Amino acid sequence: MDKNLYVYNTLSRKKEIFEPINPPFVGIYVCGPTVYSDVHLGNSRTFISFDIIYRYLLHLGYKVRYVRNITDAGHLEGDRDEGEDKFAKKAKLEQLEPMEIVQKYTIGFHDVMAIFNTLSPSIEPTATGHISEQIEMIKEILANGYAYEINGTVYFDVEKYSKDFPYGQLTNRKLEDLLEGTRELDGQDEKKGRLDFALWIQSKPETLMKWPSPWGWGFPGWHIECSAMGKKYLGETFDIHGGGMDLQATHHTNEIAQSQACSNTVPVKYWMHTNMLTVNGVRMSKSAGNGFLPHELFTGNHPLLERGYSPMVVRFFMAQSHYRSTLDFSNEALQASEKGFQKLMKAGETLNKLKAENESTVNIEELKNNCYAAMNDDFNTPILIAHLFDAVRIINSANDGKEKINQTDLEKLKLVYKSFVFDVLGLKEDKTEKSGEGQLTSDLIDFILNLRLEAKKNKDFSTSDKIRDELTKKGVKIKDTKDGFEWELEN
RNA sequence: GGUCGCGUGGCCGAGUGGCUAGGCAGCGGUCUGCAAAACCGUGUACGGCGGUUCGAAUCCGCCCGUGACCUCCA
């Protein structure tokens, strides 16, 4: 069987065998958030997708350096190198320093990432922390003749660049088409070419976030930070660069151009793009105002939500679709995922209690191979999950005595379950912790159910049913077993 | 207008030129005092019209619908 990992590369529009440039090391750069507002669920999807990719690469034994930046400067309202700085605007609104905005939303972002059980990146560089690297890079691009300065602002010369290198290959577009598609510049004749973009922008007197540069006071353009930081921490050419599909056409296209104009090498071997999260078929985005905030989702406090859903249910829901497909968000879909997730978790508990038999009637080796095959095929988590439900069936059947599993297979199954459910998919039980009061409740429920058990032994079914009905009403789910009972609280 | 993508059974969502995706819901059964859970069984699904082929939902053409990008967004 094919043990290679295949990765869909946006550059070639094909799945390619993944071969790191310097095995066993793997360098991966993911465009992180611009921290001027709360991350919404769409953003979270991208980071959860790459978390699973990161986790799988680690699971395969690669030494991964995972860099995910924080954009905390240089991101203007419009990308025509005009308009207000996002941080400054927000700072004015909230009457705070721009860096207070940055701090607030960086912490918020980290909280959300932790709630979703994502691993921290190896390095999380900020744009403001790498101003000098960006300036150095701009100087090199200028020296190589692919940029020009006008009144303290430095522009990248796209037409010049495109004569020497391919431009727009990520979106498979030709320069002429791009030029045609560009709208008329309104009153902006500073740039030589319509497609040119700013590397460095001269500050205005009222600009809050500005730095000195060879071209005077100013701030970096949005795209240059990723080029500079990727180069600094991963080298002139590294393995994987990822981000949302919305970044493909402009941000990543320009990143490639900058890096190549600077170093004369192709910066990235595999480009990976995650698809958008949609609500009623429309992309979830900040500007559309249809973005869910994670805490709204958890509490259910949102007009479109019937109730709340736990972070792990949401993570599982996302893993049930492929990262390159759009995923549509609905109560029904979420509820289906919740049931499925609980089934998966419960089977995990059952697995831990399972006793080995002398023989096996199940094929764990095949199951394991199926799981690897799914992930090796461009991180196909929905297929992986389908196979994990095969495991669930095996576990429950063995528990019911309908299948048999021997010691070797049992251990193998436990390892597969642990590896894929917890290590790779990054799921975990999200039970509410039991407080002291919870312990009392627990004891009381046990006590009552023991009374019920006695009633059952005496064939006093009207009493036993009454107890069950009452407890069920109060959210205690009861399961009778052969010689006792099990119960759990509904969340 | 240009570029690219998508359209799968009640819902979500994979995949493939002929071989069961999976989850949820529904229906039937086993188990149970009755339930619940679990397990077993169960669905003539692939937008429309043509074409290629022994065979297409999967390839090609046209059409319809829909979305993304082309302007900030993961």
Side-chain angles (χ1 to χ4, degrees), chain A residues 13 30-34 36-37 39-50 75-80 82-83 86 168 171-174 176-183 195 222 242-251 273-278 281-288 291 316-317 320-322 324-341 343-344 346-347 350 370 374 377 380-390 392-393 395-397 399-403 456 459-461 464-465 468-469 472 477-482 485-488:
Chain A
R13 296 161 174 270
V30 173
C31 287
T34 303
Y36 71 100
S37 66
V39 274
H40 61 68
L41 220 57
N43 302 317
S44 305
R45 186 194 184 193
T46 292
F47 303 126
I48 289 172
S49 295
F50 279 107
H75 210 153
L76 299 183
E77 283 282 292
D79 198 38
R80 294 185 225 170
E82 274 196 350
K86 286 185 172 178
T171 43
N172 201 21
R173 266 179 267 190
K174 293 192 181 86
E176 304 85 71
D177 300 337
L178 283 167
L179 280 167
E180 214 168 287
T182 312
R183 296 179 190 175
L195 292 171
W222 174 37
M245 267 181 191
D246 49 349
L247 301 180
Q248 193 174 314
T250 306
H251 184 54
H273 290 98
T274 56
N275 215 138
M276 301 291 107
L277 189 64
T278 59
V282 181
R283 173 183 170 191
M284 185 181 285
S285 74
K286 289 178 186 176
S287 45
F316 178 74
F317 167 70
Q320 272 186 304
S321 75
H322 187 83
R324 280 192 288 112
S325 302
T326 53
L327 172 60
D328 199 52
F329 204 76
S330 70
N331 282 286
E332 235 182 330
L334 234 22
Q335 276 159 28
S337 287
E338 187 173 72
K339 287 263 179 87
F341 173 70
K343 193 169 165 183
L344 196 65
K346 208 173 288 173
T350 306
N370 286 340
D377 184 15
N380 198 324
T381 52
I383 296 285
L384 168 65
I385 289 171
H387 293 307
L388 290 174
F389 277 108
D390 288 340
V392 168
R393 191 176 36 73
I395 291 164
N396 288 328
S397 294
N399 192 45
D400 287 353
K402 288 170 185 155
E403 298 276 7
K456 270 177 64 181
K459 309 257 181 218
D460 180 4
F461 295 122
S464 75
D465 286 357
R468 184 174 63 199
D469 291 348
T472 304
K477 275 198 273 184
I478 295 160
K479 262 195 274 178
D480 289 345
T481 59
K482 244 183 203 135
F485 53 81
E486 284 174 13
W487 63 270
E488 62 181 3

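Chain letters run A, B, ... following the sequence lines, proteins first and then strands; every chain starts at 1. Predicted model, so just to flag it, every value in this text is computed and none were measured.
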[X] [atom1] - [N] [atom2] separation (whole Å):
{"X": "His273(A)", "N": "U3(B)", "atom1": "NE2", "atom2": "C1'", "value": "16 Å"}
{"X": "Asn370(A)", "N": "G22(B)", "atom1": "CG", "atom2": "P", "value": "12 Å"}
{"X": "Leu247(A)", "N": "C70(B)", "atom1": "CG", "atom2": "P", "value": "10 Å"}
{"X": "Phe329(A)", "N": "C24(B)", "atom1": "CZ", "atom2": "C1'", "value": "16 Å"}
{"X": "Gln335(A)", "N": "G13(B)", "atom1": "CD", "atom2": "P", "value": "15 Å"}
{"X": "His387(A)", "N": "G22(B)", "atom1": "NE2", "atom2": "P", "value": "10 Å"}
{"X": "Phe317(A)", "N": "A14(B)", "atom1": "CZ", "atom2": "P", "value": "10 Å"}
{"X": "Glu488(A)", "N": "A38(B)", "atom1": "CD", "atom2": "C1'", "value": "13 Å"}

Checklist entry - Hey, is the side chain of Asn275(A) poking within less than 4.0 Å of OP1 or OP2 on A74(B), counting only N and O atoms? => result no

Checklist entry - Between C39(B) and Asn396(A), is there an OP1 or OP2 to side-chain N/O distance shorter than 4.0 Å? => result yes

Checklist entry - Please, what dot-bracket string fits RNA chain B when only Watson-Crick and G-U pairs with both distances under 3.5 Å count, crossing ones use [ ] and pairs to another strand use |? => result (((((((..(((.....[...))).(((((.......)))))....(((((..]....))))))))))))....

For [X], salt bridge (charged side-chain N to carboxylate O under 4.0 Å, His left out) partners two or more places apart:
{"X": "Asp460(A)", "result": "none"}
{"X": "Asp328(A)", "result": "none"}
{"X": "Asp400(A)", "result": "Lys402(A)"}
{"X": "Lys477(A)", "result": "Glu488(A)"}

Checklist outcome for this item: Residue pair Ala249(A)/Met245(A) against RNA chain B: nearer the 5' end by closest nucleotide is Ala249(A)

Checklist entry - Starting at the 5' end of RNA chain B and moving along, which residue's nearest nucleotide shows up first, Asp328(A) or Ile385(A)? => result Asp328(A)

Give me the distance, rounded to whole Å, that separates [N] from [M] when you measure between the [atom1] atoms they each carry.
{"N": "A68(B)", "M": "C54(B)", "atom1": "P", "result": "42 Å"}
{"N": "A56(B)", "M": "G18(B)", "atom1": "C1'", "result": "9 Å"}
{"N": "G22(B)", "M": "U16(B)", "atom1": "C1'", "result": "15 Å"}
{"N": "A57(B)", "M": "C64(B)", "atom1": "P", "result": "22 Å"}
{"N": "G9(B)", "M": "G47(B)", "atom1": "P", "result": "8 Å"}
{"N": "U52(B)", "M": "C60(B)", "atom1": "C1'", "result": "7 Å"}
{"N": "A74(B)", "M": "C24(B)", "atom1": "P", "result": "34 Å"}
{"N": "G55(B)", "M": "G51(B)", "atom1": "P", "result": "12 Å"}

So which nucleotide from [options] ends up closest to the side chain of [X]?
{"X": "Pro382(A)", "options": "A74(B), G13(B), C24(B)", "value": "G13(B)"}
{"X": "Asp246(A)", "options": "C12(B), A74(B), A21(B)", "value": "A74(B)"}
{"X": "Ser325(A)", "options": "A14(B), A74(B), C39(B)", "value": "A14(B)"}
{"X": "Ser321(A)", "options": "A14(B), A74(B), C4(B)", "value": "A14(B)"}
{"X": "Thr34(A)", "options": "G23(B), A74(B), G5(B)", "value": "A74(B)"}

Next on the checklist: Checking Ser49(A) now: which residues fulfil side-chain contact (heavy atoms from CB on, under 4.5 Å) with it, not counting sequence neighbours?
Outcome noted: Arg45(A), Thr274(A), Tyr323(A)

Item to check | Residues forming a side-chain contact (heavy atoms from CB on, under 4.5 Å) with Met276(A), sequence neighbours excluded | outcome: Met245(A), Asp246(A), Arg283(A)

Straight-line distance of [X] [atom1] to [Y] [atom2], nearest 0.5 Å:
{"X": "Lys456(A)", "Y": "Phe461(A)", "atom1": "NZ", "atom2": "CZ", "value": "7.5 Å"}
{"X": "Leu277(A)", "Y": "Phe329(A)", "atom1": "CG", "atom2": "CZ", "value": "6.5 Å"}
{"X": "Ile385(A)", "Y": "Ser321(A)", "atom1": "CD1", "atom2": "OG", "value": "9.0 Å"}

Item to check | Residue list, side chain to side chain donor-acceptor pair (under 3.5 Å) with Glu403(A), at least two apart or on another chain | outcome: Thr361(A)

Next on the checklist: Going by ring-ring contact (aromatic ring centres under 6.0 Å, His included), name the residues that satisfy it together with Phe47(A), two or more places apart in sequence or in a different chain.
Outcome noted: Phe109(A)

Item to check | ring-ring contact (aromatic ring centres under 6.0 Å, His included) partners for His322(A), two or more places apart | outcome: none

All N/O contacts under 3.5 Å from nucleotides 6-10 of chain B to the protein, with atom names and distances to one decimal?
none

Once you apply a heavy-atom cut-off of 4.0 Å, does [X] come out as touching a base, just sugar-phosphate, or nothing?
{"X": "His40(A)", "result": "base"}
{"X": "Leu327(A)", "result": "sugar-phosphate"}
{"X": "Arg324(A)", "result": "nothing"}
{"X": "Gly242(A)", "result": "nothing"}
{"X": "Gly243(A)", "result": "sugar-phosphate"}
{"X": "Ala333(A)", "result": "sugar-phosphate"}

Checklist outcome for this item: For nucleotides 25-37 of chain B, 5' to 3', base contacts (B), sugar-phosphate-only contacts (S) and non-contacts (-) with protein non-hydrogen atoms under 4.0 Å give S-------BBBBS

Checklist entry - Do the side chain of Thr278(A) and the main chain of Leu327(A) share a donor and acceptor less than 3.5 angstrom apart? => result yes

Next on the checklist: As a quick check of understanding, evaluate side chain to side chain contact (heavy atoms under 4.5 Å, CB included) for Leu388(A) and Leu344(A), giving each step before the final call.
Outcome noted: CA-CA 8 Å; Leu388(A) 290 174; Leu344(A) 196 65; 4.1 Å; yes

